[in-house]
Amino acid sequence: MLRPVPDPSERVPVQPLVAGDHWLGRGTMTAGSIELFWSPVVDAEAYRLYRIVGLEGFDVTEIALDAERLVYEGTGSAHVDTTVEVGSFYTYVLVVAAGGVDLDRRWAQTLAVDDVTPPAPIVGLTAERTAEGAMLTWEPSDDDVEFSSYSVSLVEGETLRYLGGGGDLEQVSFLDREIPAGGATYAVQAVDFHGNRTEPALITIDGP
């Protein structure tokens, strides 16, 4: 069975970022827990993570953040919230204290749900060698809860080496500008926010 190599964008970078580049991301989600992780910020004094029930479509920058909504405060760069209720929608807001001030808020929204169903399989996968590289295209997938992204990988023996993809449901193409000289086999998967993946759809481009 092909084993995917982890997407490096899914976890916190090793090197701290400057203040304006910080971000908040969602990790593994189940019916009873939601993982949040964020980029470390240079000179950060503390990170405060707040949880708000609902608020989809509201202006998060103007929401009052009080002690009752605080779910984490410390110097770490991740937190697993185990006090969620299945079927509830949450907005998490990250506040970073650095240089004696609070930086601009970052937020992420998610649904607490026990999701074990992968998105719809990838179909219609094609590959064309162009002057710029290998152009892959496929038909849109879908998910019953929360679609996350497409994942395009290079097949290397029994493993998949992640190349990139897209977080938009309609972003159904990918250009590999560095085709191996002897050709390549590509794998495309649809992924949801709960870590479920489709079986890889495979296609090969021969060498020149």
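A quick note: this is a predicted structure, and the numbers were derived from the prediction, not measured.
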Donor-acceptor pair between Tyr92 and Asp81 side chains, under 3.5 angstrom | yes

Contacts of Tyr186 that satisfy ring pair (Phe, Tyr, Trp, His ring centres under 6.0 Å) - sequence neighbours left out | none

Checking Tyr150 side chain against Leu169 main chain: does a donor-acceptor pair fall under 3.5 Å?
-> yes

Using a 4.5 Å cut-off on heavy atoms from C-beta on, say whether the side chain of Leu65 contacts that of Arg105.
-> yes

Donor + acceptor pair across side chains of Arg51, Thr83 (<3.5 Å) = yes

Is the side chain of His22 donor-acceptor paired with the backbone N or O of Asp104 at a distance under 3.5 Å, no angle test?
-> yes

How about Thr126 and Thr137: does a side-chain donor come under 3.5 Å of a side-chain acceptor?
-> yes

Check the side chains of Thr198 and Gln189 for a donor-acceptor pair under 3.5 angstrom, ignoring hydrogens and angles.
-> no

May I ask whether Val152 and Met135 are part of the same hydrophobic cluster, defined by side-chain heavy atoms of I, L, V, M, F, W, Y residues being less than 4.5 angstrom apart, directly or through others?
-> no

Donor-acceptor pair, side chain of Arg69 and main chain of Ala64, under 3.5 angstrom = yes

Say whether, by atom type as modelled, one donor and one acceptor occur between the side chain of Glu45 and the main chain of Gly100 under 3.5 angstrom.
-> yes

Side chains of Glu199 and Pro121: does their closest heavy-atom pair fall under 4.5 Å?
-> no

Can you tell if the side chain of Tyr47 reaches within under 4.5 Å of the side chain of His79, non-hydrogen atoms only?
-> no

